[in-house]
Amino acid sequence: MIPGIGAFTWDTLWCFSQVKGTMETGTTEADIISTVEFNHTGELLATGDKGGRVVIFQREQESKNQVHRRGEYNVYSTFQSHEPEFDYLKSLEIEEKINKIRWLPQQNAAYFLLSTNDKTVKLWKVSERDKRPEGYNLKDEEGRLRDPATITTLRVPVLRPMDLMVEATPRRVFANAHTYHINSISVNSDYETYMSADDLRINLWNFEITNQSFNIVDIKPANMEELTEVITAAEFHPHHCNTFVYSSSKGTIRLCDMRASALCDRHTKFFEEPEDPSNRSFFSEIISSISDVKFSHSGRYIMTRDYLTVKVWDLNMENRPIETYQVHDYLRSKLCSLYENDCIFDKFECVWNGSDSVIMTGSYNNFFRMFDRNTKRDVTLEASRENSKPRAILKPRKVCVGGKRRKDEISVDSLDFSKKILHTAWHPSENIIAVAATNNLYIFQDKVN
Amino acid sequence: MMLSKGLKRKREEDEEGKEALAVDTWWLDPGHPAMAQAPPAMASSSLFDLSVLKLHHSLRQSEPDLQHLVLVVNTLWRIQTCMALTAALPPMPSLPTAPGIADNLLASSDASLSASMASLLEDLSHIEGLSQAPQPLVDEGPPGRPTGGAPPSLGALDLLGPATGCLLDDGLEGLFEDTDTSVYDSELWAPASEGHKSSPEDGPGKEEAPELDEAELDYLMDVLVGIQALERPPGPGR
């Protein structure tokens, strides 16, 4: 374990930092957070919600006077990314819900991010303006054009300070390329292209070109009667711009090399774990469906999330994962009920910490889990308003699976399945995590000694 | 045409028959942990009914979640296969289920279910054909979300009505709120029929509809729901 800032040891204590969102018990559907993402430096934290809005938080500068308090995240910009649409041709509603946000690496003073709903990807530019030009010759201070005949002198416009204004402008709209619902977007390491994936296809885009995309994966069968599998997630390799992976509803991961062919229907590597006969059930396929796939920062490993587990795969070994972590195995005996209430179809995401030593994913009852890959220890924490005192240390939670329940444990039957942590994010270099709990965003930090 | 079974691919594959048996008869083992909660036949039939309900609900969506749909269909196939094997085996005296339940379920649902699922997934392919047309610009979209008074979707999924009345119990009345559907009255959508169109009934007080033969009715329905193959040029970049 490499010591230093961002290092995670089993002595790491997580503290409550902030919570964003309303405390009202009645939650508006539109306020439900649907995606969370730190930018590459961790300075910005973006959330998207079901109402199509994007809220960006910026970390304030750390104060030398308050060394015990890391910089807090405050609202930096809020904008409406997607609006509800109606497809007149097919008589279908297109939800404005933001499925994914991905940041582009910062190359100048402005920030760029991609946001997508089910059908359309948009590139947004978020920039600051703290000066405004004054002294135009052809227009007055209100912007109205002046009669040229009244102009007798020329002056040089000057920039004068103004209150900081953050504006978000849509710079590109990538539309009309997906028949099915977009589930993933991923920026390529070349910073020139990105991909968008729906249930059956993956398209490759150039950031500068909006009226054309290249289809790189197509698993739609010629005869739709033969459809038994869909694409669930996709991501580019963090360093190799020719490599990407996509996962399926059958629990498989395919790694593809775009140098091999234009259409990557034939995978380069195929990752699948043999089914455990002792755990076989009617729901085996559903619980094996992969809801998220993420490359490690190093690019050597892949992490996948299915309904009950998180698995880490070595790119050099296809026949089984190198690590498997049980997220909430106590639900295995409840699959029938979870099938009935559709919870078994919930799509949990998973994230790596900055050093790839710890992985995190969500669960029910507003619980989220962390697994230390080195020590093999794990912890269950809860995102709740009850633990929302500043710098309050989060107490590990435990689910009682049988026998006598201890005082601080919760029984499986008492879990609230409406409180699910589907979306989490980990700061790229520090122990700061963002956890989306319905319409609230919790930010936790490790205890600063 | 039957759907493929959607069984999870195994690394050590023998013949298909062996694999199917190995995968789908585990539930006959009373000691299997998954079967500890309920007798196999009851568990299978209740799950089957639940899955059919889920499929029904999914079909009612204007644009169903394809992943959800595929997983439910694949699960249905698993259950149906198990029930078929149960029906093929000698009855177990200890089970309280009435004899032939599995047979009845299969008899009533197999053909229609297979046809409906086959039609469903086939019709989903027409969605892509329709998607080649230019989409309306965002700015030109209607303000806000359409209310319930807007005309319901004429998506391809609605085509399941004639083939499987059991999946669209409400019939098609709601789909044509502002259209005189007297020429397409009940006999055309009888659950037992498999797409066979009978002559329409003349309801009291309704205008006399012109006499149309079956072929013309089929043609009209096809045009309405857009099943006619739309020859469109390939989209950009494809």
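Order of the sequence lines fixes the chain letters, A, B, ..., with proteins taken first and strands second; residue numbering starts at 1 for each chain. All values below were derived from every heavy atom in this structure, side-chain atoms included, with hydrogens, water molecules and symmetry-related copies excluded. Small disclaimer: the values here were computed from a predicted structure and weren't measured.
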When rounded to the nearest 0.5 angstrom, what distance separates CZ in A:F282 from SG in B:C82?
-> 4.0 Å
Where do A:Y339 and B:L47 land on the side-chain contact (heavy atoms from CB on, under 4.5 Å) test, with the steps shown first?
-> CA-CA 9 Å; A:Y339 179 66; B:L47 279 175; 4.2 Å; yes
Determine yes or no for a side-chain-to-main-chain donor-acceptor pair under 3.5 angstrom, with B:R78 supplying the side chain and A:S281 the backbone.
-> yes
Turns out that what part of A:S249 lies under 4.5 Å from chain B's heavy atoms comes down to both
Option from A:I344, A:T228, A:I287, A:I286 for which side chain to side chain contact (heavy atoms under 4.5 Å, CB included) with B:L71 holds | A:I286
Distance col, row B:L66:CG vs A:D198:CG, nearest 0.5 angstrom, shows 9.0 Å
Cation-pi geometry met for B:K54 and A:F345 (6.0 Å, 45°) = no
When the 4.5 angstrom heavy-atom criterion is applied to A:L263 and chain B, the contacting part is neither
Any donor and acceptor pair, going by atom type alone, linking the side chain of B:N74 with main-chain N or O of A:E285 inside 3.5 Å?
-> no
Output for pair (B:Q61 CD, A:E93 CD), nearest 0.5 Å, gives 10.5 Å
Among the options B:L53, B:V72, B:D65, pick out the one with the most heavy-atom pairs lying under 4.5 Å from chain A.
-> B:V72
Decide yes or no for A:K347 and B:Q67: does some side-chain heavy atom of the first lie under 4.5 Å from some side-chain heavy atom of the second?
-> yes
A:D342 CG to B:H57 NE2 distance, which is reported to the nearest 0.5 Å | 8.0 Å
